[in-house]
Amino acid sequence: MRNLVYAMGVSLDGFIAGPNGEIDWSAPDEELHQFHNQQTRETGLHLYGRGLYEAMAPWEDAEQRPSATAEVLEFARLWKQMPKLVFSTTLDEVRGTNLRLARGSLADEVVALKQQPGQDLAVGGAGLAASLTELGLIDEYRMFVNPVVLGGGTPYFASPPERIDLELVETRTFSQVVYLRYRRASEGQSR
């Protein structure tokens, strides 16, 4: 069974975007970008909501940017190769490489995907992740904690409907960012 992973950059006060949607504070340096690229290689399918689908569209032509670094070009190549599933009730179609628009219920689609063999699934974006958290379908939470306090914006966690017990399985420190990887605690392993 495949795991579903929610990974995002986050401010010290728990936001993935600032009050006006700004994410400039979370741009990775070379080392962190290489780590993101490795995690992308280990992902079999990425789940998007409409907002993140639209935000990721520029990766379709990243190789045309003269200023693109080797890490950016590698991510663009990996991103284009990866299958992506977009959940939206407002879109009639999606355009881009390896994209498909989900037509069924979120719970049914994700449960079926998790039961298939293959690499882990990833979800990005707070709205879709909140819905999947409420459904109890996220297996791992990965946070890239950045040295900034935003004072408001889009939270990493929307209010979960109940307590979620987690266990820390990995940490790593980059030059300015701390990576925290948590997985759902086994049943009966409450703290």
Side-chain angles (χ1 to χ4, degrees), residues 1-10 14-18 20-23 26 28 33 35-63 72 74-144 153-164 166 181-184:
M1 188 161 178
R2 303 197 287 186
N3 287 322
L4 178 57
V5 176
Y6 173 35
M8 294 292 289
V10 62
F15 297 98
I16 64 170
N20 298 308
E22 62 275 13
I23 59 169
S26 66
H33 213 304
F35 186 74
H36 286 309
N37 290 354
Q38 181 57 41
Q39 288 192 321
T40 302
R41 279 188 213 89
E42 297 167 1
T43 302
L45 175 73
H46 207 123
L47 310 175
Y48 290 137
R50 191 200 80 224
L52 191 57
Y53 155 69
E54 291 171 348
M56 295 299 286
W59 288 103
E60 283 289 330
D61 60 6
E63 67 277 352
V72 167
E74 180 185 21
F75 179 80
R77 182 183 53 78
L78 293 167
W79 182 82
K80 286 170 75 170
Q81 291 173 352
M82 181 189 311
K84 296 166 283 293
L85 183 59
V86 179
F87 289 88
S88 173
T89 58
T90 59
L91 294 174
D92 293 324
E93 66 179 356
V94 290
R95 293 191 179 134
T97 310
N98 288 320
L99 281 166
R100 180 172 70 87
L101 183 60
R103 298 289 183 190
S105 84
L106 178 62
D108 292 344
E109 291 258 8
V110 174
V111 167
L113 288 168
K114 288 179 71 168
Q115 292 173 349
Q116 295 174 2
Q119 294 176 300
D120 286 344
L121 310 168
V123 59
L128 185 59
S131 296
L132 292 164
T133 297
E134 287 179 22
L135 293 167
L137 294 174
I138 296 183
D139 302 293
E140 286 191 11
Y141 296 90
R142 299 178 184 179
M143 304 172 91
F144 294 86
T154 306
Y156 179 90
F157 283 107
S159 299
E162 58 188 46
R163 176 176 153 166
I164 302 171
L166 303 170
R181 178 179 165 212
Y182 293 93
R183 100 174 117 223
R184 289 176 79 83

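Bear in mind the structure is a predicted one, so any value in this text is a computation, not a measurement. Each residue takes its place number in the sequence, starting with 1.
- Looking at every heavy atom in both residues, N98 comes nearest to M82 through CB-O, 3.4 Å.
- For the residue pair E109 and R100, the shortest heavy atom distance occurs at OE1-NH2, 3.8 Å.
- Contact of the I23 side chain with the I16 side chain is not registered, since no non-hydrogen atoms from C-beta on lie closer than 4.5 Å.
- Closest non-hydrogen pair, L78 versus N37, comes out as CD1-O, 3.5 Å.
- From L99, atom CG reaches atom NZ of K80 across 11.5 Å, with rounding to the nearest 0.5 Å.
- V86 and L101 get closest at one heavy-atom pair: O-CD1, 3.3 Å.
- Here the straight-line distance linking atom OG of S88 with atom CD of E93 works out to 11.5 Å at 0.5 Å rounding.
- The aromatic rings of Y6 and Y156 lie parallel to each other, their planes meeting at an angle below 30°, with 60° marking the opposite boundary.
- Between the NZ atom in K84 and the CE atom in M56 there is a gap of 8.5 Å [rounded to 0.5 Å].
- From L166, atom CG reaches atom CZ of R183 across 11.0 Å, with rounding to the nearest 0.5 Å.
- Minimum heavy-atom separation, P155 to G153: CD-O, 3.4 Å.
- Proximity of the aromatic rings of Y53 and F87 is defined here by a centroid distance below 6.0 angstrom, and this criterion is not met.
- Scanning all heavy atoms of the two residues, the minimum distance from P58 to D61 falls at O-OD1, 2.9 Å.
- Between L4 and V110, the closest side-chain pair of non-hydrogen atoms falls below 4.5 Å.
- Aromatic pair H46/Y48: centroids less than 6.0 angstrom apart.
- Put simply, the side chain of E60 gets close to the backbone of T97: a donor and an acceptor are under 3.5 Å apart.
- Considering only heavy atoms from C-beta on, L128 comes within 4.5 Å of L106 through its side chain.
- One finds the CD atom of Q39 at 10.5 Å from the CZ atom of F75 (value rounded to the nearest 0.5 Å).
- Here the OG1-CH2 distance, from T43 to W79, works out to 14.0 Å after rounding to the nearest 0.5 Å.
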Donor-acceptor pairs under 3.5 angstrom involving side-chain atoms of residues 112-126: please list them, not counting sequence neighbours.
from: K114; atom 1: NZ; to: L137; atom 2: O; distance (Å): 2.8
from: K114; atom 1: NZ; to: D139; atom 2: OD1; distance (Å): 3.3
from: K114; atom 1: NZ; to: D139; atom 2: OD2; distance (Å): 2.8
from: Q119; atom 1: NE2; to: R41; atom 2: O; distance (Å): 3.0
from: D120; atom 1: OD1; to: N3; atom 2: N; distance (Å): 3.1

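- The side-chain heavy atoms of R181 and Y141, taken from C-beta on, include no pair separated by under 4.5 Å.
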